[in-house]
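In what follows, chains are A, B, ... by sequence order, proteins preceding strands, each numbered from 1.
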Number of protein chains: 2
Amino acid sequence: MAAFNEHGYHGTTVRDIARRVGVTVPALYYHYENKQALLVTLLETSMSDVLGRCRAAVAEAGDDPVDRFSAIVECIVVYMANRRGLAFLDSEIRSLEPENRARYVELRDSLQYMLLDTVEAGIEQGSFTTPIPADASRAILTMCQGVANWYRSDGALTPSDVAERHVLLCLGTVGYLAPREPAKPASLRQARENAGARTRDSVG
Amino acid sequence: MAAFNEHGYHGTTVRDIARRVGVTVPALYYHYENKQALLVTLLETSMSDVLGRCRAAVAEAGDDPVDRFSAIVECIVVYMANRRGLAFLDSEIRSLEPENRARYVELRDSLQYMLLDTVEAGIEQGSFTTPIPADASRAILTMCQGVANWYRSDGALTPSDVAERHVLLCLGTVGYLAPREPAKPASLRQARENAGARTRDSVG
DNA sequence: GGGTCAAGAGTGAACGATCGCTAAGTGGAT
DNA sequence: ATCCACTTAGCGATCGTTCACTCTTGACCC
């Protein structure tokens, strides 16, 4: 993953991967069919992982669409910040053969639909106001995945900090306005109330 | 650009580039020092181009931070939708040698600061309410550049449509709330008023 | 329990192909 | 005569991949 992330798929040599793992090249070919299989395995397990975590987070979040939405965003951002190696996720799918690419896109779409479901639920109950939930969901997923591109663990913000900020940003993107009843995580509730407070100040 | 976009930097052969251009390989080397120079030229001219367009758009937009902000977002998205070949922009900078990479990052930062300036101006006049303008600016730039990754010209939306929607989304991201005096482009004014209308409905 | 054998996991060496790049030469315009 | 734009041919290096082989482990039969 580190190698693919540093040099890209074509820029990474099988010899380099073997060296990092600490085995010889034919040993890699004993476990994986070819170079592409290495990338496919990496992409699919990673995407499945983040998808699974988001499903779990959403299940824990309860019934409120706003909580569910926040949980997904938080989950994705924390994952991306903690595992920066996945920055290349979306930029290397062009190196996949069609059927491998299709399987990966399917996983990614699951995540986007999950997001879209909560956004639409939020709109239905009046919490979210965006007239274009599908575009908003795609944009949010893009900006959350983008975190992996710039986050550095030696910076000032922890992954949780970044996640909290992105929850705030994303709530704005879907047109969330009014502050709500206290949510479960204290940090999220605080961020949301901050947004709500400023909202009220500005609206007057 | 098409070749780099399809296969990535390392995945593109000099022979392929030469073939697409319609010349032989040494003819390329007569005009460019090496393969990297081809990528550098492409990245820098493209980034300078979008930066110049944004500067022009912001100059035309007048003094209102909201108008200026909207103009930048619209400009970037239209550019990305029209020239999809630039999708690889941010994913190929890792293939650059350090000094080339630094020059490109500098250009990109100019764009981000331009965005940040308008966001902060908007906050100062009370139009935008986000407490984290820097994070918002970065997130917005990420999601606007992301348009190049999925936009297809054979889809239902024109570049202008997509730009309009992203203006709406991005206004939400920076915490824009109240509808304002009519702006210049009718489509933008309409989108903004839609957002405002729904905002008022929801807040009650 | 000792001998046999098959499978698993890995190695060193090398294959053909293709890569980025260049030396040397050609034709035409100034 | 000289430079520009470009060509053909081919260089050495490196790529993904495979061949043939070794070593270890564990199951099996007598």
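Between the side chains of B:Thr158 and B:Asp161, at least one donor-acceptor pair of N or O atoms lies under 3.5 Å.
Rounded to the nearest 0.5 Å, atoms CG (A:Leu107) and CG (A:Leu43) are 10.0 Å apart. Separating the CE atom in B:Met80 from the CG atom in B:Asn149 is a distance of 9.5 Å, to the nearest 0.5 Å. Distance check: B:Gln36 CD to B:Leu96 CG gives 5.0 Å after rounding to the nearest 0.5 Å.
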Extract all donor-acceptor atom pairs below 3.5 Å that involve side chains of residues 109-123 of chain B and protein atoms in other chains or at least two apart in sequence.
from	atom 1	to	atom 2	distance (Å)
B:Ser110	OG	B:Glu106	O	3.0
B:Gln112	OE1	B:Arg108	NH1	3.3
B:Thr118	OG1	B:Leu115	O	2.8

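Comment: A:Arg103 engages A:Glu44 in a salt bridge, judged by a side-chain N to carboxylate O separation of less than 4.0 angstrom.
Sorted by first and then second residue, the salt bridge (charged side-chain N to carboxylate O under 4.0 Å, His left out) pairs with a member in residues 134-160 of chain A read A:Asp135-A:Arg138, A:Asp135-B:Arg165; sequence neighbours excluded.
Between B:His31 and the phosphate of D:dC4, there is no side-chain N or O to OP1/OP2 separation shorter than 4.0 Å.
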So which protein nitrogen or oxygen atoms get under 3.5 Å of nucleotides 10-16 of chain D's nitrogens or oxygens?
from	atom 1	to	atom 2	distance (Å)
D:dG16	OP1	A:Thr12	O	3.0
D:dG16	OP1	A:Lys35	NZ	2.7
D:dG16	OP2	A:Val14	N	3.0
D:dG16	N7	A:Arg15	NH1	2.8
D:dG16	O6	A:Arg15	NH2	2.9

Are there any protein N/O atoms within less than 3.5 Å of an N/O atom in nucleotides 7-9 of chain D, and if so, which ones and at what distance?
from	atom 1	to	atom 2	distance (Å)
D:dT7	OP2	B:Thr24	N	3.1
D:dT7	OP2	B:Thr24	OG1	2.1
D:dT7	O5'	B:Thr24	OG1	3.3

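Stacking of A:Lys35 on the aromatic ring of A:Tyr9 is recorded, both the 6.0 Å distance cut-off and the 45° axial limit being met.
With ring centers used as reference points, B:Phe69 lies under 6.0 Å from B:Phe128.
Along DNA chain C, the stretch of nucleotides lying under 4.0 Å from any heavy atom of chain A spans, 5' to 3', C:dG8 to C:dA14.
Partners of B:Asp49 under the side-chain hydrogen bond (donor to acceptor under 3.5 Å, both in side chains) rule, at least two apart in sequence or in another chain, are B:Arg53, B:Tyr79, B:Arg83.
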